[in-house]
Enquirer: 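This is the structure, below, for whatever I ask next.
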There are 2 protein chains.
Amino acid sequence: MSSATDVGHHAAPCAGAAPCQDRPITPPDLSPDDLARIDSIQFPTRTIHRGETLYRTGDDFRSIYIVRVGCFKTVITHHDDHEQVTGFHLPGETLGLDGICTDRHACEAIALEDSSVCIVAFDLLETLCREVRTMQHHVHRLLSGEIVRESALMVMLGTMTAEQRVAAFLLDLSARLAARGYSSVEFQLRMTREEIGSFLGLKLETVSRMLSRFQKDGLIDTRGRQVRILDREKLSRV
Amino acid sequence: MSSATDVGHHAAPCAGAAPCQDRPITPPDLSPDDLARIDSIQFPTRTIHRGETLYRTGDDFRSIYIVRVGCFKTVITHHDDHEQVTGFHLPGETLGLDGICTDRHACEAIALEDSSVCIVAFDLLETLCREVRTMQHHVHRLLSGEIVRESALMVMLGTMTAEQRVAAFLLDLSARLAARGYSSVEFQLRMTREEIGSFLGLKLETVSRMLSRFQKDGLIDTRGRQVRILDREKLSRV
DNA sequence: CGGACCTTTGAGCTGACTCAACTCTGGTGG
DNA sequence: CCACCAGAGTTGAGTCAGCTCAAAGGTCCG
């Protein structure tokens, strides 16, 4: 298992963690033949430094990306200046699915720390999906999963209080880190309070106040961007 | 073109309107061979009366549905009782994509008026997508389009005032009706103020107040659920 | 060690909510 | 044909969660 320090930097997935390095989008339960077929493909990678963008709104859509290392935010720009964060993307997660429908990216993806992605050319992926049924279904699940996740977010934005949103945000992050082999208890936020607020439909001061409240009530321990979850039970019942 | 009365009841799409009846999910630009292949399939239909459900949360996922006639809402049930509307679905639009990722439906679809859907068995669709490349891409676009639409909704819920949300809701509905060959100027809301509010993250009183305000300011003309858009320009600049 | 950026905390304000009363509409039955 | 009723919609008055504005720490990095 990773040490707390490593985990905080998203640098060391557990041994045996989910696909990432060389098999970015391999579905589970693949037949040996199909596995060989997919393993034979070399997916290129790309490094994006903190603050740099992976793609911008309106860019031609050619490929989707799997985060290997690091962390991204996706942002929609409104009326020229005002921008809203629509998601955060951790290692193992997918970026760029929004581009399929119009052949142009509908948002901008920005690295929150020095990061690396695996590039999956979309026409190659479509070919693969026509040849390998398991792969096809895997991609359909991926897309559908994104839809379900966004529906859940809409419910959050539509019904929850500021306190509930921040709690839900921490728990969601924790669960996603756990799914990728990182610690679900202690981690480092890679985003600012303002970015969290933008994502949750809150102002940065409100996010800060809620974190302070959780701290005071003994639900979490925070020091800047370092977060330790002390009472998951209470946090989920906020 | 349809008369205003017909339009109000969603009963008469224009001649030449988007696919609906016998070719529920036919992509554009299909080769004659592929068109013949897809045309040979008989998709079953199903009638759902007002207030009845097409599928419920947790139901086995077998197929997706294309609305032929009528109107649906999709609802997520939270903590047993509290429920939130996650979307409205007009003729020609798709229902059930949320079920792919877990093989179970993640929400409930309820008819807002007597309606009819076309049933597309998902394994058949996947087979078709493996055989017909154009169809495959069409389905990918469909899924991606849903993701983009939901992102836009998240931005709305995260940043807009009550007034802006209601205005955006009316304009969105208008545009979608237009896309299916109905009037974009005058139409009948099939949902209650409460359902609109649930969808927009507002209370029914607030929705009602905003509609009254638009009426007073001469942006729209409403009489119960009948809506006529008088000043689209101003409405979009609210 | 200086400066830019991020974070915390306080004080007052306001848009949307809550609660409540009243009206309108469509359907039902006497 | 009208009376009635239940569900839907409108409108008003008061409240409060989250926003705005402001000022004081913290932290990171050159």
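Because only heavy atoms are used, hydrogens play no part in the values below, and waters and symmetry mates are left out as well, while side chains stay in. The chains referred to below are lettered A, B, ... by the order of the sequence lines, with proteins before strands, and numbering in each begins at 1.
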Enquirer: What pair of heavy atoms forms the shortest contact from F88(B) to R176(B), and how long is it?
Expert: O-NH2, 2.5 Å
Enquirer: What integer distance in Å separates R50(B):CZ from dG7(D):P?
Expert: 13 Å
Enquirer: Checking only heavy atoms, does the side chain of R213(B) share a donor-acceptor pair with the base of dT11(D) at less than 3.5 Å?
Expert: no
Enquirer: Just call it for R225(A): base, sugar-phosphate, or nothing, with non-hydrogen atoms closer than 4.0 Å on any strand.
Expert: sugar-phosphate
Enquirer: Hey, can you pull the residues of residues 157-171 of chain A with a non-hydrogen atom under 4.0 angstrom from DNA chain D?
Expert: T161(A), A162(A)
Enquirer: As a test of reading the structure: which of dT11(D), dT18(C), dA8(D) is closest to the side chain of T192(B), going by heavy atoms?
Expert: dA8(D)
Enquirer: Which is true for G201(A) with a 4.0 Å heavy-atom rule: it touches a base, it touches only sugar-phosphate, or it touches nothing?
Expert: sugar-phosphate
Enquirer: Provide the closest heavy-atom pair for Q215(A) versus T222(A) in the form atom of the first, atom of the second, distance.
Expert: OE1-N, 3.0 Å
Enquirer: In whole angstrom, give the distance that lies between atom CD of Q188(B) and atom C1' of dG26(C).
Expert: 13 Å
Enquirer: May I ask you to verify whether the side chain of E205(B) and the base of dC19(C) hold a donor-acceptor pair under 3.5 Å?
Expert: yes
Enquirer: Could you check how far CG of L200(A) sits from P of dG18(D), rounded to whole Å?
Expert: 12 Å
Enquirer: In Å and rounded to the nearest 0.5 Å, what is the CD to OG distance from Q84(A) to S151(B)?
Expert: 9.5 Å
Enquirer: Kindly give the heavy-atom pair with the smallest separation between V155(A) and H78(B), and that separation in Å.
Expert: CG1-NE2, 3.8 Å
Enquirer: Does the distance from a Lys or Arg side-chain N to an Asp or Glu carboxylate O, for D217(B) and K234(B), drop under 4.0 Å?
Expert: no
Enquirer: With heavy atoms under 4.0 Å as the rule, sort L211(A) into base, sugar-phosphate or nothing.
Expert: nothing
Enquirer: Roughly how many Å is it from CE in M191(A) to P in dT7(C), rounded to a whole number?
Expert: 11 Å
Enquirer: Determine: side-chain N/O of S208(A) to OP1/OP2 of dT9(C), distance under 4.0 Å, yes or no.
Expert: no
Enquirer: Ignoring hydrogens and angles, tell me if any N or O in the side chain of S208(B) forms a donor-acceptor pair with the backbone of L204(B) under 3.5 Å.
Expert: no
Enquirer: Report the distance from atom CZ of R193(A) to atom C1' of dT8(C), rounded to the nearest whole Å.
Expert: 9 Å
Enquirer: Using whole Å, what does the distance between atom C1' of nucleotide dA20(C) and atom CZ of R209(B) come to?
Expert: 11 Å
Enquirer: Quick one: does Y55(B)'s side chain have a donor or acceptor within less than 3.5 Å of a partner on G96(B)'s backbone?
Expert: yes
Enquirer: Across the strands shown, which category fits R223(A) at heavy-atom distances under 4.0 angstrom: base, sugar-phosphate, nothing?
Expert: sugar-phosphate
Enquirer: With axes from five pairs an end, tell me the bend angle of the helix from dC1(C)-dG30(D) to dG30(C)-dC1(D), nearest 10°.
Expert: 40°
Enquirer: Roughly, in whole Å, what's the span from CG in L202(A) to P in dT8(C)?
Expert: 14 Å
Enquirer: Please determine whether salt bridge (charged side-chain N to carboxylate O under 4.0 Å, His left out) holds for the pair R237(B) and E233(B), giving the CA-CA distance in whole Å, both sets of side-chain angles, and the decisive distance to 0.1 Å.
Expert: CA-CA 7 Å; R237(B) 275 189 286 97; E233(B) 251 318 288; 3.3 Å; yes
Enquirer: When the distance from CD of E194(B) to P of dG7(D) is rounded to whole Å, what number comes out?
Expert: 12 Å
Enquirer: In terms of side-chain geometry, is the basic nitrogen of E108(B) or R56(B) positioned less than 4.0 Å from the acidic oxygen of its partner?
Expert: yes
Enquirer: Name the one of D60(A), D98(A), D59(A) that satisfies salt bridge (charged side-chain N to carboxylate O under 4.0 Å, His left out) with R104(A)?
Expert: D60(A)
